[in-house]
Amino acid sequence: RSASEEDLIEMALLNEGSFEGTVTAVTDTSLSFSFTALPAGKYNIIINVKGGVGNAQSSLGQLSSNMEVSAISPSSGSIHGGQTIKITGGGFSGNIEDTEVAIGATNCTVLSVSPGEITCTTSACSEGCGDMVVTSNGVSKTSSVPFNYQDSSSPTVTSASGAASTLTIVGTSFGSNPSVSLSGSECTVTSSTATQVTCTIPGIAGGNYPVIVHNPDLGNSNNDVLLTIDLLLTSSTPSTGSYGGGTLLTLAGKGFSSDDTRNVTVCDLPCDVQSSTTTEITCISPSNPDSGSTLSCDVAVVQASGSVTLSAAFTYDASITPAITAASPLRGGTGGGTLVTITGTGFAISGNKVSIAGSVCDIATEKPTEITCYTNYHNGAIEAPIIVDVPGQGYARHSDLAQSTFYYIDRWSSKWTWGGLGVPLANEMIVITEGQTILLDVDTPVLRFLLINGGTLMFDKDAPSIELQSEYILVAGGGKLQIGSEEEPYENKALITMHGNVRCTEMPVFGCKVIGIREGSLDIHGKYIPVTWTHLAQTANAGDTTITLKQ
């Protein structure tokens, strides 16, 4: 058949991908081609003739491409690792995910891969570490070209001394463009020679840090010379505050960590950190249940690099502690707008702040013994203590927590639960959707259909008697119908009355006059009854007015 120089040859890898070859010569009976980069593996040869002729029928079988390492640059480096090397050759996959380089028992971390080149960073190893083995696309090859770990090619740190924010490092083989790290934090180099480097110490937490000098031409230095950063706590202000907590403490010192694992405690109770630098921490003091007139506490900073304590640095003082004795009402809708009256002692004439579960309660009136405020919107139902922040003193303590804990809950009896349109009426279809938690605090009329679709309907534990009435109830989509809980059983009277007749329309699968559960839950926990049945102790005759039981 006829052919021309424009004929193409492609080689398709058996498992994925295809690669186009370059045709160098062609006749009617022969074809010469080459590839610049071809991953190792076995390939079908596909010859395509242009001009609409199509693929040639082939009996050549498969072509094997082998992996080879032709050069490593540089060919030697530090025994402490950190040297970036380039491995040139052929047959590499081009994917980091399936490429590994090992030198002896250590890994060379792969940074990039192309079919003809791999770049990786060496790990620490001794002289005579072992052969280099390259694995790519499931094919492994031991390099005939060695990489040598050499002690003579290793930067060495002999000493490191800090003065203020400057670190001076003395050693050998630092090169012309070194960098310095302190456990991953960069020490910015200000000047350097082959034997001395100075750098600016970053703001890091107190502790001991290995000083590592990196020479781009050789790799890393030894890591056994340490820089010690002091961890100091010099002061904590103010020195007194409320037993209810809420005092903003400012801690001054040196070597503090800005990491989230750093903790501050007052009398071993966590102080809520607001901000942190290496020289200053601010935190809000915790409440303390002690009943004494005063309580002297240690303040401590605890972090991964160490801990430091300032003895008797903070005193809880009952004489400056405001107190909440009661609040009313203790329930309100999540939409807000409930007027709450808080009684107590030690409130300020003005400037008090009230919050419930993170939502601000807007002050309406305030005086030393009483505060009134309007609740704001809260996302979801929650029971939480009322927080009164008295300016200059901190949070008020709770004389009786049960009498000052507010329940954000949407009540069935509130028209605002239903968008201000009024409470549900008889024969209506009611839907409780995902994210809604509604407290059933009154008897319902006979509803046509109650669908709890992802939301929660819970019986009011404080109501003496509650009756839920409906023709159909369906709990679906993760919804919950709850009467009490295992931790707090329902001990009052709870009724669920289903209505219907023999001619009612059946709900698919479930029928009528039914409570249906589909990917939801019905949770009922009542008062524990130790004796659920017993025997007659003697015969009860017709006309008797008493019976005698064994138990």
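- Side-chain N/O atoms of Gln403 and Thr325 include no donor and acceptor closer than 3.5 Å.
- Taking the six-membered ring for Trp and thresholds of 30 and 60 degrees, Phe459 and Tyr490 have ring planes more than 60 degrees apart, a perpendicular arrangement.
- Heavy atoms from other residues, nucleotides or ligands lying under 6.0 Å from OH of Tyr374 number 12 at most.
- Note on ring orientation: taking the six-membered ring where Trp is involved, the planes of Tyr408 and His378 are parallel (angle under 30°, cut-offs 30° and 60°).
- Asn501 places a side-chain N or O within 3.5 Å of a backbone atom of Cys504 that can act as its donor or acceptor partner.
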Exercise for review: Check step by step if side-chain contact (heavy atoms from CB on, under 4.5 Å) holds for Leu495 and Ile466.
Suggested key: CA-CA 6 Å; Leu495 298 173; Ile466 294 291; over 6 Å; no
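- In terms of heavy-atom proximity, Leu474 sits nearest to Ile517 at CD1-N, 4.4 Å.
- Between Arg331 and Asp462, at least one side-chain N (NZ, or NE/NH1/NH2) sits under 4.0 Å from a carboxylate O, which counts as a salt bridge.
- Every residue meeting the side-chain contact (heavy atoms from CB on, under 4.5 Å) condition with Thr250, not counting sequence neighbours, appears here in chain and number order: Thr237, Glu280, Thr282.
- Distance alone, capped at 3.5 Å, places no donor-acceptor pair between the Ser257 side chain and the Arg262 backbone.
- Side chains of Thr240 and Thr315: a donor-acceptor N/O pair is absent below 3.5 angstrom, by distance only.
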Review point. Would Thr334 and Asp410 count as a side-chain hydrogen bond (donor to acceptor under 3.5 Å, both in side chains) if you check the C-alpha gap in whole Å, the side-chain angles of each, and the deciding distance to 0.1 Å?
Key: CA-CA 6 Å; Thr334 59; Asp410 292 321; 2.9 Å; yes
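- The CG atom of Leu182 lies 6.0 Å from the CG atom of Leu227; values are rounded to the nearest 0.5 Å.
- For the 3.5 Å distance criterion, the side chains of Asp317 and Ser319 qualify, holding a donor opposite an acceptor.
- Side-chain contact check for Ser123 and Thr106: no donor-acceptor pair (N or O, by modelled atom type) lies under 3.5 Å.
- For the residue pair Gln436/Thr433, the side-chain donor-acceptor check at 3.5 Å is satisfied.
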Practice item. In sequence, state the C-alpha distance, the side-chain angles, and the governing distance for Asp523 and Gln482, and then conclude on side-chain hydrogen bond (donor to acceptor under 3.5 Å, both in side chains). Key: CA-CA 5 Å; Asp523 207 3; Gln482 184 173 339; 4.9 Å; no
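- Enclosure of atom CD in Gln274 by more than 12 non-hydrogen atoms of other residues, nucleotides or ligands within 6.0 angstrom is indicated.
- Between the side chains of Asn376 and Asp362, at least one donor N or O lies within less than 3.5 Å of an accepting N or O.
- Within the structure, ring pair (Phe, Tyr, Trp, His ring centres under 6.0 Å) pairs that include any residue of residues 523-550 comprise Trp533-His535 (at least two apart or interchain).
- The main-chain N or O of Ala327 is never found under 3.5 Å from a side-chain atom of Ser404 such that the two would form a donor-acceptor pair.
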Point to revise | From CA spacing to verdict: side-chain hydrogen bond (donor to acceptor under 3.5 Å, both in side chains), Asp298, Thr309 | key: CA-CA 7 Å; Asp298 295 344; Thr309 301; over 6 Å; no
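- A donor-acceptor pair is defined here as one N or O able to donate and one able to accept, closer than 3.5 Å; such a pair exists between the side chain of Thr417 and the backbone of Arg411.
- The backbone N or O of Glu488 lies less than 3.5 Å from a partner atom in the side chain of Ser485, making a donor-acceptor pair.
- One finds the CD atom of Glu100 at 6.5 Å from the CG atom of Asn107 (value rounded to the nearest 0.5 Å).
- Summarising the local packing, CD of Glu434 is surrounded by 12 or fewer heavy atoms from other residues, nucleotides or ligands at distances under 6.0 Å.
- Interatomic distance, SG of Cys361 versus NZ of Lys353, reported as 14.5 Å (0.5 Å rounding).
- The number of heavy atoms from other shown groups lying within 6.0 Å of CG (Asp290) is above 12.
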Review point. Does the salt bridge (charged side-chain N to carboxylate O under 4.0 Å, His left out) test come out yes or no for Glu428 and Arg448, once each step is laid out?
Key: CA-CA 5 Å; Glu428 285 189 326; Arg448 174 66 173 165; over 6 Å; no
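- A donor atom on one side chain and an acceptor atom on the other are not found under 3.5 Å apart for Thr121 and Thr109.
- Atom CG of Asp268 sits in a sparse spot, with 12 or fewer heavy atoms from other residues, nucleotides or ligands closer than 6.0 Å.
- Without hydrogens or angle criteria, Asn492 side chain to Lys461 main chain gives a donor-acceptor distance under 3.5 Å.
- With respect to the salt-bridge test (charged N to carboxylate O, under 4.0 angstrom), the residues Lys513 and Glu471 do not qualify.
- A donor-acceptor pair under 3.5 Å is formed between the side chain of Thr372 and the backbone N or O of Thr365.
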